[in-house]
Chemist: 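After the structure tokens below, expect a handful of questions from me.
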Amino acid sequence: MKRITNLFAMAMLSMTTFAQDPIISTKYTADPAPYVHGDTVYLYTTHDEDDAEGFKMFDWLLYTSTDMVNWTEHGAVASLDDFKWYDGKNGAWAEQVIERNGKWYMYCPIHGHGIGVLVSDSPYGPFKDPLGKPLVWQKEHWEDIDPSVWIDDDGQAYMYWGNPHLYCALLNEDMISLKSDAMRLHDTPEHYQEGPWFYKRNGKYYLAFAATCCPEGLGYAMSDNPLGPWKFAGYIMAPTDRTRGNHPGIIDFKGKSYGFGLNYDLKNITIKEHKERRSVGAFPMTYNSDGTIQESPYFKDVKLEQIGTFDPYKARIEAETMAWGFGLKTIKTAKGQIYVTNVNSDEYILIKGVDFGTQKLSKFIANCAATVGGSIELHIDAAKGKKIGSVSVKPTGSETTFKDFAGSISNPKGVHDLYIVFKGAKDKNLMNFDYWKIQ
Ligand code: FUB
């Protein structure tokens, strides 16, 4: 089964090196909530479990990138367990995170139980519940989902949410209490279904949303006022049979605009029937001079350009940094260590646009734990492209005893895609891989 998966992955990759869809391949992710801070995109997502049939969602994940194509996983940064007032086991739906005065606020709907808020001093958490109760819970219905928060230029923060009706409330400056009642908008924009993404850009207010299900597209409305009235302005991505669901996240980053959404393309590599195993995709977004947004083709049909290049000479590079690693999985330990696992022969980590420069290289070091062992080969520009290095990984005594293994590398010079390819016995976890470095 795993072998078949690899073949599908190879086929998929040849299609996706252009389109970069989805952007996360080691887990099923949904409901993208990107947030730009400094030179980094913090991409918070929900998490569809690997065996999900319907929505099976327990925690919220974080990925970061500085170039939009290579993403580092930080694992679950919050979960349902962080809300002591909720004793259910499922329902970690579409969150959004926003920073204010050095504190990070994560607004989390728990399906059917309102919207809670968590706070942290760091984008990476730990996130704590300051209220011990929901921020919003209109118990007469189950419409309290998909919060979206934006702080206006005058400091007033607004939260939009809801399916199928649209609600809005003003937040106090503390970001954890309401300044107004929850107001139901009576001018819900045409085609609105759920997943509002509220923001202001160049003096105009935007409300992007998942447009009427199913299939869902990404629609948007515009207004001159943070509380509307909202006027449907078009599709950012039209509804298409290629994805049943969608959910917007929108940012400006390093001088460009990006939309995020979700699809089923990762699941579709191996499973054709419908299951809620979704994946986050991203695409370049273009605004017209009047502020309207150009409709984007489907994720697979657009090119997500890398911003700049990837520096391979950092003190260490986490193995969970990648543009693609289908078939691989990641584990986050109780101590916060994250490593790549489920490593089978011929699977690989792809890192795009690596700038090797011209310096002389001698060593590639991989930090691994293994009971089986195998080798790691370094190829450029394709998984079977030119081999520039390798390292042999011997058993370390246990799958959690990590050691450095040193191998050789020669500099291919200039910018190349790097494929870190695993080789060894078939159908076994060859090794767990924590980080690598080049010297
Ligand atoms: O992911 C669970 C729910 O599905 C979200 O809250 C909705 O927006 C839809 O994506």
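Counting starts at 1 for both ligands and their atoms, following the listed order. Just so it is clear, the model here is predicted, and its values are computed rather than measured.
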Chemist: Do you know which of Asp21, Asp265, Thr240 makes side-chain hydrogen bond (donor to acceptor under 3.5 Å, both in side chains) with Tyr298?
Modeler: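 With Tyr298 as partner, side-chain hydrogen bond (donor to acceptor under 3.5 Å, both in side chains) holds for just one option, Asp265.
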Chemist: Does the ring centre of Tyr287 sit less than 6.0 Å away from the ring centre of Tyr206?
Modeler: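 Yes, the ring centres sit under 6.0 Å apart.
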Chemist: Going by salt bridge (Lys or Arg N to Asp or Glu O under 4.0 Å), name the residues that satisfy it together with Asp51, two or more places apart in sequence or in a different chain.
Modeler: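 Here the qualifying residues are Lys56.
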Chemist: Measure centre to centre between the rings of Tyr124 and Tyr42, then say whether the value is under 6.0 Å.
Modeler: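 So the answer is yes for these two rings.
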Chemist: If you count the non-hydrogen atoms of other residues, nucleotides and ligands that lie under 6.0 Å from CD in Gln294, is the total more than 12?
Modeler: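 More than 12 heavy atoms, drawn from other residues, nucleotides or ligands, come within 6.0 Å of this atom.
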Chemist: Does the side chain of Asp174 pick up a donor-acceptor pair with the side chain of Ser177 at under 3.5 Å?
Modeler: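 Their side chains do contain a donor-acceptor pair, which is all the 3.5 Å distance test asks for.
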Chemist: Between ligand 1 and the protein, find all N/O pairs closer than 3.5 Å and give the distance for each.
Modeler:
unit_1	atom_1	unit_2	atom_2	d
ligand 1	1 (O)	Asp31	OD2	2.4
ligand 1	1 (O)	Arg278	NH1	3.1
ligand 1	1 (O)	Arg278	NH2	2.8
ligand 1	4 (O)	Arg278	NH1	3.2
ligand 1	6 (O)	Ala94	N	3.4
ligand 1	6 (O)	Asp146	OD1	2.5
ligand 1	8 (O)	Asp146	OD1	3.3
ligand 1	8 (O)	Asp146	OD2	2.6
ligand 1	8 (O)	His247	ND1	2.8
ligand 1	10 (O)	Asp31	OD1	2.7
ligand 1	10 (O)	Arg278	NH1	3.3

